Protein chains: 4
Amino acid sequence: MKKRQVHASVKDERLIEKRRDQMIKGAVSLFKEKGFHRTTTREIAKEAGFSIGTLYEYIRTKEDVLYLVCDRIYDQVGERLQEELDMKRGNLESLKSAIRYYFRVMDEMQDEVLVMYQEAKSLSKDALPYVLNKELAMVAMFEQVIRNCMTAEGISMKEQQIQLMAHNIFVQGQMWGFRRWVLHRHFELEAYIEGQIELLVHGLTKGENVKNGSLSSN
Amino acid sequence: MKKRQVHASVKDERLIEKRRDQMIKGAVSLFKEKGFHRTTTREIAKEAGFSIGTLYEYIRTKEDVLYLVCDRIYDQVGERLQEELDMKRGNLESLKSAIRYYFRVMDEMQDEVLVMYQEAKSLSKDALPYVLNKELAMVAMFEQVIRNCMTAEGISMKEQQIQLMAHNIFVQGQMWGFRRWVLHRHFELEAYIEGQIELLVHGLTKGENVKNGSLSSN
Amino acid sequence: MKKRQVHASVKDERLIEKRRDQMIKGAVSLFKEKGFHRTTTREIAKEAGFSIGTLYEYIRTKEDVLYLVCDRIYDQVGERLQEELDMKRGNLESLKSAIRYYFRVMDEMQDEVLVMYQEAKSLSKDALPYVLNKELAMVAMFEQVIRNCMTAEGISMKEQQIQLMAHNIFVQGQMWGFRRWVLHRHFELEAYIEGQIELLVHGLTKGENVKNGSLSSN
Amino acid sequence: MKKRQVHASVKDERLIEKRRDQMIKGAVSLFKEKGFHRTTTREIAKEAGFSIGTLYEYIRTKEDVLYLVCDRIYDQVGERLQEELDMKRGNLESLKSAIRYYFRVMDEMQDEVLVMYQEAKSLSKDALPYVLNKELAMVAMFEQVIRNCMTAEGISMKEQQIQLMAHNIFVQGQMWGFRRWVLHRHFELEAYIEGQIELLVHGLTKGENVKNGSLSSN
DNA sequence: CATGAATGAGCCTTCATTCAT
DNA sequence: GATGAATGAAGGCTCATTCAT
């Protein structure tokens, strides 16, 4: 899926890049504080350091700002994750370490993620797919890591279960941000990470000490 | 925590109940479609079947509608969950069946949950705690079920892990709603439920067929 | 000029009288506090001790309440003044004592007078004349007292000057109320009264101690 | 007391001055006709010659318009009065001529004064003091003129009486505006002026033709 | 007669967007 | 390219008035 283009009146590409950087930086900070809808374009322009007129030289509508913000955040997270994954082989340790890395990124980019998470739904039917697509790509990365891990460790798992686990990992990373109001009260980041990894790997059945030898479902 | 009261000019309690029902029903459907901010009070009134003047006989501000909606949804989910849990003993089967029940409720109330999930953040600093508190109560229910299950099955688990698992279950239920755009593409409800239960119970390590006998972390 | 009739749906004249009493009393207190425009009909009804529906059984529009209030106040002031004047002969002492009496009434009815003074202009073009007429009648009373006094004291004064003086007295009485924010800071009521009487009677030229024997104007 | 600042979004001070001039002019004319409360902000904008949006670039609330109007009127009256007084020595003639001047200004600015007089009470508790303060300053000017006059003419008068007389002059000037509905029926401006001066200077006791040689009070 | 729920016109204010300079 | 004044559609909310019970 091609990148959705946001129209700018200005021609100088270098300038566009620069101005949009300022814009996104300011917008994230404002959206974090008051949300997309409660933030005005004037505020965005001011926070970015230029006039409202100039703002509109680089976007067409307010929603463009939101799109640009979401796009940027996904790109950053995605890139960092990709780099990390490129360096790994594909065993269980790799998976764990990918998860650790991802969770830590999510911790660092907490504000951005929270913003994106809460405001993405305000994107128009037109822009949303582009953003969701990036999300899908990230989930797919985890699927691949899990798949590699399965192979390496000789574990077999249905494709659906792999997908599901990838989704869970992905959401649990975001969770650390969007449920911080409660999680940060009870967990340090590292404890959260190791706790989730533990559950992911073993589930309820830590070890063999199960009563009657079987935990079969249904 | 006492219930936050939303002021109504009208005295008749029965009428208040009735009108607020209409209002909430209409609001949920509108919020689902266009979000809280893009929905006007006039639209809410119209959808509810009365005039804008009447709407404001039963609330004070637009935000009250959102609070009422969130409050109602949590109450409904919470009540249904509580009823279900009251009927169960406390073994693993109970836990699974509670999860199944919860996920099915979340499926039924998909729209409501999605709305609440995306819009709750628009609640004022004043109203938010009341809503979050209800969420906490629901998470606590799951904690208790898990704890009972552990005892019954003779499994031991750290308190923190229990909390974490409860959070995961809770969020995975919501996930079915707020990530429907992708999950429903790949899963039937029942498949999703059984898949999640499977991961929850066994994690990655389905059975004993692990390569070198150990999957210990770190 | 006939009394302007305010329509009431209710027939029982005694009841009308009673309800309007309650209404006026409540309204004065509210108008005093927040002015006519900032007072709602609901508040008036509540303060009067009955429902909004009942209020509208005794008036047709909100403005009727204002008219009723103004009418009532003028009647009360007018009646008391008339009584007092009836008892007096017509010399200078009578004039002074009428002024004293009037100023004291204005002090007692300060709130009412203030209300009427500030809100009368909100009366419709229809109702205003009736109220202004009562004011004129009161000014005329003073004119008569002054005229009597002139005759009795053997002073001659042009008719226009008499009118002017009557207006001045009338306005100075109201002044005690509507400029209370400053006057009450510097004057006790009695000092104000005697001060004004002194100026009224002697003007600038207290006694004979004028420099060069003449203070003729122009 | 510092000037209360009314916030404007627009930066250009020259433009602010110009737009506010238009605004005030339009507002006075509307307030005169229908009062502050019955005038809508849209009407003010239209009368001023720009859009509602533009109006709000130069004020924050409707009440700001009222404040601006009152402020402007007091400034104009105050300035003109000050200029006049600066040119005078301080004898009786000066006083008379100051009064004449003041009354004529009040005649010219009749509409403005009427508006201010009737609507000032609608100012918030916050803004009112600034306006009342200007009024006090004007009264103080008259006090000074009277005091000078007393000295020059060798008349002695208690300080309180001077204050009172200053208030009377001030209110009588306004009276010409706010009681025009009756005064203009019976007086030409010049007749009103000379009549009031006459009463002010001599009071009731024009000359010596008093019956029994004494008009002592009490 | 009394009540109070219902109505909707209309008000104040905001803010995304444009465009002349 | 940059600026910021101007615009007006649209939104939240109020409140005088009506009318069925």
Side-chain angles (χ1 to χ4, degrees), chain A residues 8-12 15-16 19 37-46 50-65, chain B residues 8-12 15-16 18-19 37-46 49-65, chain C residues 8-12 15-16 19 37-46 50-65, chain D residues 8-12 15-16 18-19 37-46 49-65:
Chain A
S9 305
V10 171
K11 297 293 165 227
D12 183 340
L15 200 48
I16 294 181
R19 293 277 182 256
H37 283 104
R38 293 197 215 277
T39 300
T40 68
T41 51
R42 273 169 163 82
E43 288 170 324
I44 296 170
K46 190 174 183 188
F50 37 69
S51 72
I52 181 67
T54 301
L55 180 71
Y56 274 86
E57 294 284 314
Y58 296 91
I59 54 161
R60 267 236 225 281
T61 70
K62 186 185 175 189
E63 205 217 278
D64 283 346
V65 180
Chain B
S9 303
V10 169
K11 298 291 168 62
D12 185 338
L15 201 50
I16 293 180
K18 181 182 157 197
R19 293 279 179 258
H37 282 105
R38 292 199 214 276
T39 301
T40 70
T41 52
R42 274 170 173 81
E43 287 170 325
I44 296 171
K46 190 170 183 188
F50 36 69
S51 72
I52 181 68
T54 299
L55 178 70
Y56 275 89
E57 291 281 307
Y58 296 91
I59 54 162
R60 266 229 231 280
T61 70
K62 187 185 175 191
E63 203 216 280
D64 281 347
V65 180
Chain C
S9 304
V10 171
K11 298 293 164 222
D12 184 340
L15 200 49
I16 293 180
R19 292 278 181 256
H37 283 103
R38 294 198 214 276
T39 301
T40 68
T41 50
R42 274 170 162 83
E43 287 170 324
I44 296 171
K46 190 173 183 188
F50 37 69
S51 73
I52 182 67
T54 301
L55 180 71
Y56 274 85
E57 294 283 314
Y58 296 92
I59 55 161
R60 265 233 228 280
T61 71
K62 186 185 174 190
E63 203 216 280
D64 283 346
V65 180
Chain D
S9 303
V10 169
K11 296 290 170 58
D12 185 337
L15 201 49
I16 293 180
K18 180 182 159 198
R19 293 281 178 256
H37 283 104
R38 292 197 214 278
T39 301
T40 69
T41 52
R42 271 173 174 75
E43 287 170 324
I44 296 171
K46 190 172 183 187
F50 37 68
S51 73
I52 183 65
T54 300
L55 179 69
Y56 275 88
E57 291 281 306
Y58 296 92
I59 55 162
R60 266 230 229 280
T61 70
K62 186 185 175 191
E63 205 217 278
D64 282 346
V65 180

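All of these numbers come straight from a predicted model, not from anything done at the bench. Here is how names work: the chains are called A, B, and so on, in the same order as the sequence lines, proteins then strands, and each is numbered from 1.
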Look up atom [atom1] in [X] and atom [atom2] in [Y], then write down how far apart they are to the nearest 0.5 Å.
X	Y	atom1	atom2	answer
B/Lys62	B/Asp64	NZ	CG	12.5 Å
A/Thr54	A/Leu15	OG1	CG	9.5 Å
C/Arg42	C/Leu55	CZ	CG	11.0 Å
B/Ile16	B/Arg19	CD1	CZ	11.0 Å
A/Ile44	A/Thr41	CD1	OG1	6.5 Å

Identify which nucleotide among [options] has an atom closest to any side-chain atom of [X], counting heavy atoms from C-beta outward.
X	options	value
D/Val10	F/dT3, E/dT13, F/dA6	F/dA6
C/Lys62	E/dT14, F/dT17, F/dA5	F/dT17
C/Phe50	E/dA16, F/dT7, E/dT3	E/dT3
B/Ser51	E/dT17, E/dG8, F/dA16	E/dG8
C/Asp12	F/dT14, E/dC1, F/dG1	E/dC1

Length of the line joining [X]:[atom1] and [N]:[atom2], which is rounded to integer Å:
X	N	atom1	atom2	result
A/Glu63	E/dC15	CD	P	18 Å
B/Ile52	F/dC15	CD1	P	14 Å
B/Lys46	F/dG11	NZ	C1'	16 Å
A/His37	F/dG12	NE2	P	12 Å
B/Glu57	F/dC13	CD	P	14 Å
C/Ile44	F/dA16	CD1	P	8 Å
B/Glu43	F/dC13	CD	C1'	16 Å

**Identity of whatever pairs with F/dT21 - Watson-Crick or G-U, under 3.5 angstrom** = E/dA2
**Asked** Paired with F/dT7: which nucleotide, if any, by Watson-Crick or G-U wobble criteria at under 3.5 Å for both distances?
**Response** E/dA16
**Residue whose closest nucleotide on DNA chain F lies nearer the 5' end, B/Tyr56 versus A/Lys11** = A/Lys11
**Item:** Closest-nucleotide 5' rank along DNA chain F - winner of D/Arg19 and B/Gly53
**Value:** D/Arg19
Name the nucleic acid region contacted by [X], choosing base, sugar-phosphate or nothing; use a 4.0 angstrom heavy-atom cut-off, strictly under.
X	result
C/Ser9	nothing
C/Thr54	base
C/Arg38	nothing

Please confirm whether the shortest side-chain N or O distance from [X] to OP1 or OP2 of [N] is below 4.0 Å.
X	N	result
C/Arg60	F/dT18	no
B/Tyr58	E/dA6	yes
A/Thr41	E/dC15	no

**Message:** Taking atom types as they are modelled, would you say the side chain of B/Arg42 forms a donor-acceptor pair with the base of F/dG11 within the 3.5 Å cutoff?
**Reply:** no
**Asked** Can you name the closest pair of heavy atoms from C/Arg38 and C/Glu43 and give their distance?
**Response** O-OE1, 3.8 Å
**Asked** Closest nucleotide of DNA chain E for D/Ile59 versus for B/Leu55: which of these residues is on the 5' side?
**Response** B/Leu55
